[in-house]
Amino acid sequence: MKPKYDIRNALRLHRVKAGDMTQQELADRVGATRQTIMSIEKGRYNPSVGLALRIAKVLGASIEELFELEEEEGDRDG
């Protein structure tokens, strides 16, 4: 069975910090649709590595600033 990982993101916060960039503006700059950006922000869709890297570059942020792997119960070491 494939493990399930939740990824939290701060995409909307960084869009605002980048000069109130709209979802459409970000989508156009990274080669995605506005619906994809909206789905990522709402946690319904996890971007590919390539898309995450393009988003980070456009927003001037690191991947770690934008996306965080959420620790699930039972996944802790020790």
Side-chain angles (χ1 to χ4, degrees):
M1 178 182 255
K2 189 175 175 180
K4 182 178 181 279
Y5 296 101
D6 289 326
I7 297 177
R8 288 187 289 176
N9 73 76
L11 193 53
R12 185 174 188 281
L13 172 69
H14 284 274
R15 270 196 311 105
V16 172
K17 283 183 176 179
D20 264 341
M21 185 182 297
T22 67
Q23 290 176 338
Q24 187 63 60
E25 289 169 333
L26 178 58
D28 290 344
R29 293 183 65 185
V30 300
T33 65
R34 184 191 61 79
Q35 290 82 1
T36 296
I37 300 301
M38 180 182 64
S39 293
I40 294 169
E41 287 184 0
K42 291 186 178 209
R44 294 182 189 151
Y45 174 73
N46 293 328
S48 66
V49 173
L51 179 54
L53 289 168
R54 290 192 306 272
I55 291 170
K57 184 175 182 177
V58 166
L59 295 178
S62 69
I63 293 287
E64 292 82 7
E65 290 174 304
L66 294 176
F67 302 98
E68 180 182 354
L69 189 61
E70 198 168 79
E71 190 171 323
E72 293 185 4
E73 291 297 318
D75 284 352
R76 297 185 183 120
D77 292 335

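Scope of the values below: all heavy atoms of this structure, side chains included, with no hydrogens, waters or symmetry mates. Note that the numbering runs from 1 along the sequence shown for the chain. Predicted model, so just to flag it, every value in this text is computed and none were measured.
We find the CD1-CD1 distance between I40 and I55 to be 4.0 Å, quoted to the nearest 0.5 Å. For the atom pair CD1 of I37 and CG of L26, the computed distance is 4.0 Å after rounding to the nearest 0.5 Å.
Considering all non-hydrogen atoms of both residues, A27 and R34 come closest at CB-N, 3.6 Å. The heavy-atom pair separating H14 from A61 by the smallest distance is ND1-CB, 3.9 Å. Here the shortest heavy-atom pairing between L11 and N9 reads N-OD1, 3.1 Å. Shown here for L66 and A56, the closest heavy-atom pair between the two residues is CD1-CA, 3.4 Å.
Scanning for side chain to side chain donor-acceptor pair (under 3.5 Å) contacts around R15 gives E41, with sequence neighbours left out. Among residues two or more places apart in sequence or in another chain, the salt bridge (charged side-chain N to carboxylate O under 4.0 Å, His left out) test is passed with E25 by none. Judged as a side-chain contact (heavy atoms from CB on, under 4.5 Å), and not counting sequence neighbours, the contacts of K42 are M38, R44. Residues that satisfy the side-chain contact (heavy atoms from CB on, under 4.5 Å) test with S48, not counting sequence neighbours, are L51. Residues that satisfy the salt bridge (charged side-chain N to carboxylate O under 4.0 Å, His left out) test with R8, not counting sequence neighbours, are E68, E70. Listed by chain and residue number, nothing satisfies the side chain to side chain donor-acceptor pair (under 3.5 Å) test with S39 (two or more places apart in sequence, or in another chain). For Q24, the side chain to side chain donor-acceptor pair (under 3.5 Å) criterion is met by D28, not counting sequence neighbours. Annotation: side chain to side chain donor-acceptor pair (under 3.5 Å) contacts of N46 (sequence neighbours excluded): none.
With a 4.5 Å cut-off on side-chain heavy atoms, L59 and M21 count as touching. Between I7 and L69 there is a side-chain heavy-atom pair separated by less than 4.5 Å.
Surrounding CZ of R54 are more than 12 heavy atoms belonging to other residues, nucleotides or ligands, all under 6.0 Å away.
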request  = Could you check L13 against K17 for side-chain contact (heavy atoms from CB on, under 4.5 Å), going step by step and ending with a plain yes or no?
outcome  = CA-CA 6 Å; L13 172 69; K17 283 183 176 179; 4.2 Å; yes
